[in-house]
Structures are given as structure tokens and as C-alpha cells.
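Have a look at the structure below before the remarks.
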Amino acid sequence: MSKTKPNSESNTKLWGGRFKELTADIMNRIGESISFDKELYSQDIRGSLAHAQMLCKIGILSNKELTSIEKGLQKIQIEIETGKFEYKMELEDIHMHIESRLTQLIGEAGKKLHTARSRNDQVSQDVRLYILDQISLIENELILLLEQLLLKARTSIDVLFPGYTHLQIAQPIRASHYFMAHFWAFLRDLELFQYVKETTDLLVLGSGAMAGVNYNSDREFLRKELKLSRISENSMDAVSQRDHIIQYLFAISQCMTHASRVCEEFIIYSSTEFNYIGLPDRLTSGSSIMPQKKNPDVAELIRGKSAMVFGNLMSLLSLVKGTPMAYNRDFQEDKIPMFQSSKHILLSLEGLREMVSGLEIKSSSIEENLKKGFSTATDLADWLVSFKKIPFREAHEIVGNLVSFCTENKLDLFNVSLEDRSRISIHLTDSSYLDSISLYKSADKKNVAGGTARKRQLEQFAQAEKRLKFYRNKRNSKLKKKPISKGQTK
Ligand code: ARG
């Protein structure tokens with residue numbers, strides 16, 4: 001990007017007659033947003049095409065002028081996408097860049113494009129279009145991740161997994177139950193993004209700088225052209241609110257908390273100490289000094305990126321708080337957090353999906369730890385209640401004594417001898433003792449709706465498939481109508 005010297009010849013005057021001095025170098029440097037908002041080029045061009053058509057419809061542009069604006073904008077899009085477009089810091093932002101290049105290309109007609117429009121409504125519209133485009137990409141990634149989780153759950157229904165509370169072994173579960181627990185969290189994220197789409201899906205063009213415009217702008221025409229659902233009710237609110245960005249960043253944050261939790265589990269579970277899962281080599285890294293190392297970098301980076309994303313949400317909340325009605329230049333700073341969070345979530349969802357698909361479950365250390373962790377102690381107490389008719393508190397006490405004895409003698413419920421059991425309680429000598437502590441049976445006894453029993457897993461898969469199908473169909477029908485455009489690439 002070319003730099004300008006203070007008051008140099010190359011310094012362009014953007015604002016026309018009002019100014020006697022050229023813009024200072026610091027004004028250019030602090031004021032520019034082109035270094036980041038160039039990312040909005042395709043949305044800006046889309047908005048300008050609709051605006052130009054509307055201006056032609058209300059008689060401000062002739063058909064000829066409209067055609068040359070359309071051709072000029074298409075050319076600019078190609079120039080940007082092929083890296084031939086020249087960016088200049090003194091042209092501030094993407095809106096000024098496109099407009100000035102248009103005038104360079106087609107002359108007078110280019111200067112008419114900004115009639116009945118301010119950059120305040122223009123930028124707000126561009127950002128809305130950008131968020132809607134990004135949500136399509138995020139939804140797609142979320143659907144792929146959900147499909148992968150469901151697949152992993154189906155293929156691991158007969159594999160045991162340790163259930164934890166307080167990071168202490170709690171109860172045995174089917175591995176499918178574990179993967180499905182995360183499935184439902186990400187499905188909620190997908191649902192939250194539907195809500196964000198609704199708030200964002202709004203036409204704000206026509207609001208001008210803040211009070212509306214002095215022309216008979218056809219906002220309904222613009223709404224249809226841009227395939228939006230609603231028209232903003234108040235021009236001041238339209239140019240000054242950033243709720244949709246805040247909600248978008250919140251939805252990303254919620255989703256990243258879910259991603260970060262799974263990652264934390266993968267980091268712990270793949271350690272030598274736990275050894276419950278193995279991550280594929282292709283998603284890990286080695287150490288430059290320690291030859292034995294295999295580090296879970298993808299998981300750690302996703303956990304790290306979640307922190308950045310939460311920070312971005314805080315940035316937006318703080319940015320808006322304290323800004324008086326209506327537009328304030330502070331709002332220009334809303335874009336970096338938005339672009340950054342969009343990139344982080346897309347990368348993270350893809351990385352997570354790859355890990356879920358490639359991970360290997362290590363059953364022998366899982367079973368060993370489930371035994372070591374007395375994971376079926378509750379089942380034993382419940383068995384004393386149902387078969388020996390012992391009150392639950394008393395049963396709890398007996399099993400507690402047995403666990404304490406085993407811990408002191410480095411034993412578990414499976415290898416403690418009959419003799420030792422009989423010393424603790426005569427009730428523990430029954431021949432069905434071993435059956436009552438069976439790991440698989442423990443899982444299948446949780447036969448309530450939403451429980452970890454095999455039958456309930458199958459039920460869950462059916463529910464999940466139905467919900468997923470709804471979103472998959474929604475996405476497919478949208479893709480048929482409007483394939484993801486080039487400008488939407490990650
Ligand atoms: N680059 C600006 C932004 O992102 C565009 C709006 C400028 N409006 C203004 N009144 N200076 O917010």
C-alpha cells in the first residue's frame with residue numbers, strides 16, 4: 001500500500017470543498033481501514049449493484065449509466081480477485097476504493113453511485129451481508145462436525161468409556177454417549193446461529209448518514225434485490241446499532257466454549273497418564289528436543305483460539321457502550337474482531353472434526369481405569385438395595401468400607417477376594433456379586449430416556465438424525481438457490 005507524506009502532492013482530498021488543508025499523515029494512518037475491511041469487497045459490490053439498480057428505477061441513473069456501473073463493478077471484482085487492484089491508504093476504506101476506481105474506469109456515472117447513500121448505511125449493510133455469508137460457512141462446518149460425531153457415536157456404541165465428574169471417575173458409559181453429549185451442544189450452536197441470522201437479515205440501506213435520505217429510495221426494491229427479509233424501522237438505530245455483530249460474536253463464543261471443552265478432554269485423554277484415546281500423527285506435532293513427544297497441538301490451538309474469540313466479544317461490547325446516537329467512527333473498529341473470530345471458528349470446527357474422525361479409542365486402559373476407579377460402586381450399593389433389601393444409606397456405608405479396604409490394599413472391586421468381602425459384610429458374598437459390578441451391565445441399567453443404555457443410545461441416534469436432517473435439507477435447498485460465492489471463501 002502506498003504511504004503519503006504530510007501535505008504531499010500525492011495526498012488526495014476526499015471531502016471536496018469544505019477543507020483548506022490536506023489530510024495529515026497521522027489522520028490517514030489512524031483513519032484507514034482498508035488494510036482490513038478489503039475483506040468486505042464482495043458484499044460492498046453486491047450492495048452497490050442493488051443500489052445502482054434502485055437509483056435507475058427511481059430515475060436518478062439512466063439505463064446506460066446503470067449498465068456502465070454494473071460493468072465497472074464487475075471489472076473491479078475481477079481486479080480484486082486476481083490481485084490487480086491497487087490499494088491506497090489515503091482512500092481510507094473499501095467503499096472509497098471501489099467508488100474511486102469506478103469513477104476512474106467509467107467517468108461521470110461513477111460519481112452518481114453515492115447518491116442517496118452514506119458510508120454509514122453502506123458499511124452497516126455490507127457487514128450484515130458478510131455475517132450472513134459467514135454463517136452459511138459456519139453452518140456447513142457445524143453440520144459436518146455433527147455428522148462426524150454421530151458417526152463416531154454409532155461406531156463406538158459397544159465400546160466402554162469412562163464417565164467423569166470433578167475429573168474423578170464416576171460411572172461407566174458407552175463411548176457413544178460421550179460423543180453424543182458433545183453432539184447436542186454443537187446442535188444448540190447451530191440453532192443459535194439461526195437466531196443470529198434472523199437478527200442480521202435486515203435491510204438498512206436508505207438510512208443515509210442517520211436521518212434517512214432526501215430521495216424517494218425504494219427500500220422494498222433493495223430488500224428484494226439483496227434477498228433480505230425485513231426493512232429497518234428507524235434510520236438512527238439502523239446506522240448505530242451493532243447488536244447483530246455482538247450476537248454473532250456471542251454465538252461464535254458459545255460454540256468455541258464447546259469446542260474448547262472437547263479439546264481439553266482430548267488433551268487429557270491422549271496423555272500417557274490417561275491413555276484413553278490416540279490422536280492421529282497427522283494432527284499432532286513432535287518436539288525439536290524430546291524425541292518421544294507427540295503433542296496435541298490442534299486441540300491446544302483450538303483451546304487457545306477460544307480465548308481470542310471471547311476477547312473479541314468483549315471488544316465489541318466495550319466498543320458500543322458509551323457511543324452516543326447515531327454513527328460514531330469508533331464503529332470502524334468492529335471489523336477486526338469480527339473477521340478474526342470468523343476465521344478462528346471455521347478453522348477450529350474443521351480441526352475438531354478431523355480429530356473426532358481420526359481418533360482411536362484405547363479400550364484396555366479405559367477398562368483398567370474404570371475398575372481402578374471403582375466406577376460401579378453405586379451399582380453395587382443399588383444391588384444391595386434391590387436384592388438384599390438393605391436401606392440405601394446402609395448399603396452406601398458397606399460399599400464405602402469395601403472401597404476403603406480395596407484402596408488400602410491396592411485392590412479393586414473385581415479382584416478383592418470372597419474372604420475379604422465376607423469380613424466387610426456377609427451381604428457381599430452372594431454369587432451374583434460380580435454380575436452387579438459388571439461395567440457393561442452398569443451402562444445398560446441406565447435405561448431411562450437420555451441414559452447410557454444401549455437401547456437409549458439407538459433412540460438418541462434416531463432423534464439426532466432427525467434434527468440433523470432438518471438442517472441438512474435447509475442448507476441443501478439454500479445451496480441450490482444460491483451457491484456459495486467466491487467472495488465467501490475462508
Ligand atoms: N470505514 C467506515 C466504517 O467502517 C465507514 C463509515 C465512515 N463514515 C463516516 N462517517 N466517516 O465505519
Side-chain angles (χ1 to χ4, degrees), residues 1 4 11-19 21-24 26-48 51 76 80 85 87-103 113-134 200 202-214 232 235-246 248-249 312 315-342 487:
M1 200 185 301
T4 45
N11 202 339
T12 323
K13 268 170 110 185
L14 285 182
W15 319 119
R18 165 82 173 78
F19 291 82
E21 267 187 327
L22 292 174
T23 311
I26 178 59
M27 181 61 231
N28 284 332
R29 281 186 289 124
I30 203 168
E32 72 84 20
S33 55
I34 188 60
S35 54
F36 50 90
D37 70 12
K38 54 183 167 196
E39 187 135 5
L40 292 174
Y41 79 90
S42 71
Q43 289 81 13
D44 197 68
I45 291 176
R46 226 191 302 162
S48 286
H51 184 66
I76 293 171
I80 295 176
F85 192 85
Y87 297 102
K88 300 184 192 117
M89 198 205 287
E90 61 274 19
L91 281 177
E92 262 191 35
D93 57 25
I94 188 67
H95 324 292
M96 301 305 281
H97 271 81
I98 292 178
E99 193 187 321
S100 108
R101 177 70 183 136
L102 184 68
T103 307
L113 178 64
H114 209 53
T115 319
R117 187 173 75 171
S118 152
R119 279 186 299 159
N120 297 355
D121 56 353
Q122 185 180 358
V123 72
S124 167
Q125 194 65 66
D126 290 0
V127 164
R128 284 177 183 274
L129 296 176
Y130 171 85
I131 293 179
L132 291 172
D133 288 345
Q134 290 297 307
T200 310
L202 184 76
L203 179 89
V204 292
L205 275 181
S207 304
M210 51 83 72
V213 289
N214 294 336
S232 58
S235 58
M236 289 174 78
D237 181 44
V239 296
S240 74
Q241 67 126 322
R242 295 293 182 267
D243 295 0
H244 48 294
I245 310 184
I246 292 171
Y248 174 61
L249 294 182
N312 289 340
S315 290
L316 247 286
L317 289 168
S318 320
L319 183 77
V320 175
K321 170 190 121 41
T323 48
M325 280 280 175
Y327 177 85
N328 298 273
R329 190 65 183 273
D330 320 32
F331 296 157
Q332 179 163 293
E333 306 291 332
D334 61 9
K335 286 161 209 71
I336 294 180
M338 178 179 75
F339 295 143
Q340 197 192 49
S341 287
S342 305

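Only a predicted model underlies this, so the values are computations on that prediction, with no experimental measurement involved. We number each residue from 1, following the sequence as shown. For ligands, and for the atoms within them, numbers begin at 1 and follow the listed sequence.
Ring planes of F339 and Y130: perpendicular class, angle over 60° (limits at 30 and 60°).
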If you look at each N/O of ligand 1, which protein N/O atoms lie under 3.5 Å away, and at what distance?
unit_1   : atom_1 : unit_2 : atom_2 : d
ligand 1 : 1 (N)  : D93    : OD2    : 2.8
ligand 1 : 1 (N)  : Q332   : OE1    : 2.8
ligand 1 : 4 (O)  : K335   : NZ     : 2.7
ligand 1 : 8 (N)  : N120   : OD1    : 2.9
ligand 1 : 10 (N) : N120   : OD1    : 3.2
ligand 1 : 12 (O) : Y327   : OH     : 2.5

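Atom CD1 of I30 sits in a sparse spot, with 12 or fewer heavy atoms from other residues, nucleotides or ligands closer than 6.0 Å.
In this structure, D37 does not pair ionically with K335, as no charged nitrogen and carboxylate oxygen lie closer than 4.0 Å.
Evaluation of the salt bridge (charged side-chain N to carboxylate O under 4.0 Å, His left out) rule for D93 yields R119 as partners, not counting sequence neighbours.
A donor-acceptor pair shorter than 3.5 Å can be found between the side chains of N312 and S341.
Rounded to the nearest 0.5 Å, atoms CG (D133) and OG (S342) are 10.5 Å apart.
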